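Take a look at the structure below.
Keep in mind that this is a model prediction, so the values were computed, not measured.
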Amino acid sequence: MLPRIEYSVTVPVPVDAAFQAFQDLGRLLHRGIYNEASWVEGKPWQVGSRLRYVIVQPVCTTVSAVVTSISPHRTISLINHALGVTTEQNVTFGPDPKGGTRVRMTMDFVGKSTELSESAVRDAITFVTKDALDSVVALCRRRSSSGTGK
């Protein structure tokens, strides 16, 4: 079995708004974690499109990612490469029984970094996974409190 990181959050918005918030790469920037999050090939959020993330915390690295599948308002899957490690990222969106939307991310990873120990790799992937979804929560809360909804 592949090593796996799992994390989920509930956001106070409908599924479509949570899905749109996840797709907003701007949520990752200007917080001292990412220096860049940009599309380098293809149309945004289309299968085969490529992203580049320049991360400065918890470790300095550049992540190359490709969208492998997308089902609007339900799932997004990507393959990420950095530091000798390949990660399959799956994000799902669904209604939470208590209201709002449950967003769940899993990161299955393989490979061996020449720069980081196995535990440091796991810690970095855990940090990035939690930050990705926590930043969705923050964006959804800002949007819902400002009344924009989207």
Side-chain angles (χ1 to χ4, degrees), residues 1-83 85-110 120-150:
M1 183 186 301
L2 297 175
R4 172 178 274 202
I5 306 295
E6 298 182 44
Y7 186 61
S8 63
V9 295
T10 300
V11 291
V13 297
V15 171
D16 61 334
F19 189 81
Q20 289 176 347
F22 181 84
Q23 291 181 66
D24 183 346
L25 298 180
R27 78 184 197 288
L28 301 172
L29 303 173
H30 312 295
R31 300 174 306 114
I33 297 169
Y34 293 84
N35 272 356
E36 180 185 335
S38 61
W39 293 97
V40 295
E41 187 177 312
K43 293 181 181 179
W45 300 110
Q46 299 295 312
V47 171
S49 294
R50 297 184 179 274
L51 284 149
R52 174 181 143 122
Y53 301 100
V54 178
I55 300 174
V56 295
Q57 184 187 329
V59 58
C60 289
T61 191
T62 298
V63 178
S64 297
V66 62
V67 177
T68 56
S69 71
I70 186 163
S71 178
H73 310 293
R74 292 290 173 215
T75 64
I76 297 174
S77 298
L78 302 106
I79 297 290
N80 303 288
H81 302 280
L83 300 168
V85 176
T86 299
T87 306
E88 180 182 27
Q89 174 182 354
N90 293 294
V91 188
T92 59
F93 304 80
D96 187 67
K98 296 177 184 172
T101 300
R102 171 66 81 187
V103 184
R104 180 174 183 261
M105 184 183 295
T106 60
M107 301 282 264
D108 295 301
F109 53 100
V110 296
V121 167
R122 177 177 273 287
D123 291 347
I125 294 170
T126 299
F127 179 91
V128 170
T129 300
K130 289 182 176 183
D131 181 69
L133 293 190
D134 290 346
S135 65
V136 169
V137 172
L139 180 57
C140 288
R141 286 186 176 150
R142 282 194 308 273
R143 288 178 175 176
S144 95
S145 69
S146 71
T148 61
K150 289 187 179 180

Query raised in the report: Is the backbone of Val13 close enough, under 3.5 Å, to the side chain of Thr101 for a donor and an acceptor to pair up by distance?
Result: yes
Query raised in the report: Does Ile55 offer a backbone N or O that forms a donor-acceptor pair with the side chain of Thr61 under 3.5 Å?
Result: no
**Report entry** Pairwise salt bridge (Lys or Arg N to Asp or Glu O under 4.0 Å) hits with a residue in residues 92-104, at least two apart
**Finding:** Glu6-Arg104, Asp96-Arg102
Requested in this report: Write down the atom of Ala65, the atom of Asn80, and the distance for their closest heavy-atom approach.
Outcome: CB-OD1, 3.1 Å
Query raised in the report: Is the Lys NZ or Arg CZ of Arg27 less than 6.0 Å from the centre of Phe22's six-membered ring, within 45° of the axis?
Result: yes
Report task. Any chance you could lay out the salt bridge (Lys or Arg N to Asp or Glu O under 4.0 Å) test for Arg143 and Asp24, step after step, and finish with the verdict? Result -> CA-CA 12 Å; Arg143 288 178 175 176; Asp24 183 346; 2.8 Å; yes
**Report entry** Close side-chain approach of Val59 to Phe127, heavy-atom, < 4.5 Å
**Finding:** no
Report task. With Tyr7 as reference, evaluate Thr106, Asp131, Asp134 under the side chain to side chain donor-acceptor pair (under 3.5 Å) test and give the passing residue. Result -> Asp134
Query raised in the report: Can you name the closest pair of heavy atoms from Ala132 and Met105 and give their distance?
Result: CB-CE, 3.8 Å
Query raised in the report: Any donor and acceptor pair, going by atom type alone, linking the side chain of Thr68 with main-chain N or O of Ser77 inside 3.5 Å?
Result: yes
Query raised in the report: Taking all non-hydrogen atoms of both residues, which atom of Ala21 and which atom of Val136 are closest, and how far apart?
Result: CB-CG1, 4.2 Å
Report summary line: In short, Val128 meets Pro58 closest at the heavy-atom pair CG2-CD, 4.4 Å
**Report entry** Spatial distance of atom OG1 (Thr75) from atom CZ (Phe93) [nearest 0.5 Å]
**Finding:** 8.5 Å
**Report entry** Contacts of type side chain to side chain donor-acceptor pair (under 3.5 Å), residue Asn35, not counting sequence neighbours
**Finding:** none
**Report entry** Inter-residue atom distance Gln89.CD - Thr129.OG1, 0.5 Å rounding
**Finding:** 7.0 Å
Requested in this report: Evaluate side chain to side chain contact (heavy atoms under 4.5 Å, CB included) for Leu78 paired with Leu51, printing each intermediate quantity in order.
Outcome: CA-CA 10 Å; Leu78 302 106; Leu51 284 149; 3.7 Å; yes
Report task. Please collect all salt bridge (Lys or Arg N to Asp or Glu O under 4.0 Å) contacts where either partner lies in residues 52-62, sequence neighbours excluded, each pair once. Result -> Glu36-Arg52
Query raised in the report: Side chains of Trp45 and Phe19: closer than 4.5 Å at any heavy-atom pair?
Result: no
